[in-house]
Amino acid sequence: MSHQISVMVHTPAHSGIGGALTYESDTTHAPGTLVRVPLGSRELLGVVWDEAEQHAQSDHAATMQLRSVASVLESLTPLSAHWRQLVKFAAHYYQRSAGEVALSALPSQLRDLSAEQWARRLKRKPKALAAFESTTPTIPTPTDEQAQVLADIAAHKGPFLLFGNTGSGKTEVYLRAAQSVLEQNPKAQILVMVPEINLTPQLEARFRARFAPQWGTGCLVSMHSSLTPAQRLKNWLAAHSGEARIVLGTRMAVFASMPHLQLIVVDEEHDPSYKQQEGARYSARDLAVYRGQLEGAKVILGSATPSLESWHQSRSATESEPAGRYMRLAMPSRVGQGALPLVRRVDMNRQPYKTVFSNHLLDAMRERVTRGEQILVLLNRRGYAPVLSCNDCGWKSECPHCSAYRVFHKLDRTLRCHHCGFTQPVPRACPTCGNLDISPLGRGTEQLEEHLAELLVDLRRPDGEPIRIARIDADSTRLKGELERQLAEVHAGAVDVLVGTQMIAKGHDFRRVTLVAALNTDGALFSSDFRAPERLFSLLMQAAGRAGRDANMSLVSPCEMWVQSHHPLHPLFEALKQHDYPAFAEQQLKEREQATLPPFSFQALVRAEARSQETAQGFLNAARDAGAALADELLVDLYPAVPMTIQRVADIERAQMLIECTSRKALQHFLAHWQADMQRLRSAHRQVIRWAVDVDPLAI
Ligand code: ADP
Ligand code: ZN
Ligand code: ZN
């Protein structure tokens with residue numbers, strides 16, 4: 001007898017085939033089973049989907065000759081109902097097809113291996129894991145604050161927002177919470193998410209050191225984009241089979257198949273990297289909260305500077321408003337002696353024009369370096385990329401394909417576009433007037449490093465050697481392993497001054513850093529992006545947290561963070577000086593509430609791309625007209641289409657349209673219906689190359 005089964009496959013985003021396809025099969029297959037099915041001339045990986053999804057195509061199914069399932073990925077337990085529900089929810093919420101979300105959440109080798117290769121893969125015996133060479137880990141006694149937080153986590157349902165300073169012992173809380181989950185349930189699994197795994201090998205090491213002695217080396221696997229396809233499959237299978245008890249990963253790990261998930265930790269929950277920026281633009285943090293609720297797993301979101309969304313969501317009840325959905329747990333103190341650094345502000349209005357390092361700051365740096373202490377110089381990358389310009393006619397190194405300037409890279413003397421990648425050697429003379437005097441405007445990290453080297457050239461370390469300055473940014477670490485190598489040098493103390501972008505502010509444990517200097521921060525104070533101050537504040541707090549981690553160092557000389565600004569009295573810097581995130585958050589939330597910006601409203605962006613701005617905007621405005629009546633009814637605001645900030649990339653014009661509503665539910669309802677309108681409009685707007693919706697966008 002033959003059965004009809006529905007199978008979810010990855011169809012193109014706007015093919016109009018959103019649901020599952022129907023196939024014929026000799027036997028029934030449980031929902032969640034992985035199969036291979038023919039589609040056109042290709043064979044695709046698919047997931048057997050629930051019966052209820054079948055309607056998408058059932059009219060056709062009655063009349064069409066159904067094709068058969070090609071093969072079944074034998075001996076793989078079906079993906080759970082929870083997993084399928086997570087995929088369904090994410091697809092619906094972020095306006096993508098469930099097939100796309102489901103299939104991109106699975107390791108590519110499941111798709112790419114042939115039936116024979118798969119059979120061989122299954123036969124492969126897992127290599128005997130090397131015994132973990134370590135004595136029993138020394139587990140510190142929790143501080144009072146940690147004990148209180150752990151008791152709250154044990155006693156309540158959550159989700160929890162763990163608001164703790166850098167160095168307050170949040171990681172130790174994650175470890176202990178994980179420990180108790182592992183001990184209570186012999187099968188329990190834990191998902192730990194970090195924003196960028198490259199920057200956090202230390203966290204993995206800490207988890208391994210803590211749990212491998214008792215649960216074996218295989219108890220922990222990682223999931224992130226720098227794994228090879230084979231490693232990714234291996235780790236995915238370990239999580240899927242329940243063998244791996246802990247999965248540590250970046251945003252993609254939120255979709256890991258974990259049949260016994262009991263605890264989810266989202267470290268640095270405020271980090272923008274949790275938002276996927278292409279395809280299904282999901283927020284892994286928000287999905288983690290949903291997943292926790294779905295599966296009955298506790299969720300801990302941790303940060304020293306929570307996102308304003310999470311902060312607001314964890315507010316306590318007032319007379320007029322009920323409490324938020326999250327439970328806020330605070331750990332205000334740093335463990336041990338390491339004090340938070342003293343924040344010093346330099347008023348740049350009082351410095352000579354074009355000063356990069358004020359004399360006060362230079363003196364402080366000189367003093368510390370000669371004593372053998374380390375310094376971090378943090379640059380806000382924006383505005384620092386050097387553009388080449390002609391001093392005669394005003395020519396600038398524009399990219400011919402984008403509405404952006406190309407950046408001067410001194411090392412290989414090229415002009416490179418950071419948007420489309422277009423690269424050319426630096427011209428000998430100005431391309432418009434022939435003037436030989438062309439030079440960089442503004443300073444990049446490279447120039448800054450050189451400038452600093454000149455300023456500090458006469459200095460010696462305590463051992464009499466000249467001081468060493470290093471630079472860490474996207475360029476200096478393009479080669480694989482380079483970041484790790486450079487960081488190791490800093491850790492080993494070979495580097496005295498480290499210059500870098502936000503990359504150096506995150507997560508590293510630089511023991512001997514006693515001074516952090518932040519340059520060029522003002523742009524974010526008056527940015528058109530309403531989230532810019534929030535990001536700057538968290539960046540500076542995080543950078544400040546790099547200093548004074550070694551109690552012994554800070555006893556010798558109190559740690560300092562220096563901020564150079566033309567607006568030293570700005571409330572953001574006032575709050576920074578007091579290390580007072582709650583004050584900063586309150587001030588920002590007040591502004592957001594007055595302007596009805598998130599978290600007091602919900603947003604979505606539709607972006608469209610075409611050869612001309614007119615075409616792209618034309619499509620968006622037609623969509624706006626089509627949705628106008630429903631938007632009115634649901635109190636959804638549709639703004640007119642506008643060019644994107646970077647309007648042209650690689651000769652493609654880009655436009656966007658903002659959608660706003662004070663109700664998340666109404667916005668969701670609107671988007672779901674509106675998709676169909678846009679689908680229909682597409683045929684009248686064939687020049688539009690692509691369009692996509694971004695729900696809860698992080699940048700507008
Ligand atoms: P966070 O994650 O909040 O930055 P960590 O958990 O990394 O903080 O803790 C900071 C430092 O304090 C680490 O070196 C850690 O080993 C140590 N630490 C944490 N908790 C304790 C404790 N209860 N007793 C002693 N040391 C602790
Ligand atoms: Zn010129
Ligand atoms: Zn370009």
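Indexing begins at 1, ligand by ligand and atom by atom, following the structure's order.
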Open item on the list: So is R206 touching ligand 1 or not, going by heavy atoms under 4.0 Å?
Closed with: yes

Donor-acceptor contact below 3.5 Å, side chain [X] vs main chain [Y]:
| X | Y | result |
| --- | --- | --- |
| S397 | L388 | yes |
| R328 | W311 | yes |
| K396 | S389 | no |
| H224 | V194 | no |
| Q189 | A239 | yes |

For [X], counting its heavy atoms only, list the atoms of ligand 1 lying under 4.0 Å from any of them.
| X | answer |
| --- | --- |
| P142 | 23 (N) |
| V335 | 12 (O), 18 (N), 19 (C), 20 (N), 21 (C), 25 (C), 26 (N), 27 (C) |
| N165 | 3 (O) |
| T143 | 23 (N) |
| T166 | 4 (O) |

- [ ] Please state whether the rings of F422 and H401 are parallel, tilted or perpendicular, taking 30° and 60° as the class boundaries.
- [x] perpendicular

Identify whether the distance between the nearest side-chain nitrogen and carboxylate oxygen of [X] and [Y] falls below 4.0 Å.
| X | Y | answer |
| --- | --- | --- |
| K170 | E268 | no |
| E560 | R344 | yes |
| R607 | D694 | yes |

Is there a donor in the side chain of [X] and an acceptor in the side chain of [Y], or the other way round, less than 3.5 Å apart?
| X | Y | answer |
| --- | --- | --- |
| S333 | E145 | yes |
| Q313 | E309 | no |
| S403 | Q647 | no |

Open item on the list: I want to know whether Y581 and F163 have ring centres closer than 6.0 Å.
Closed with: yes

Consider every N or O of [X] and every N or O of ligand 1, then say whether any pair is closer than 3.5 Å.
| X | result |
| --- | --- |
| G167 | yes |
| E172 | yes |
| P140 | no |

Record the part of [X] in heavy-atom contact with ligand 1 below 4.0 Å; permitted values are side chain, backbone, both and neither.
| X | answer |
| --- | --- |
| M331 | neither |
| S168 | both |
| T141 | backbone |
| E268 | neither |

Open item on the list: As a check for students: among E145, K170, R176, identify the option with a heavy atom nearest to atom 3 (O) of ligand 1.
Closed with: K170

TODO: Give a rough value, rounded to 10 degrees, for the angle at the Zn ion (ligand 2) between atoms SG of C393 and SG of C433.
DONE: 120°

Open item on the list: Around the Zn ion (ligand 3), how many protein N, O or S atoms are found at less than 2.8 Å?
Closed with: 4

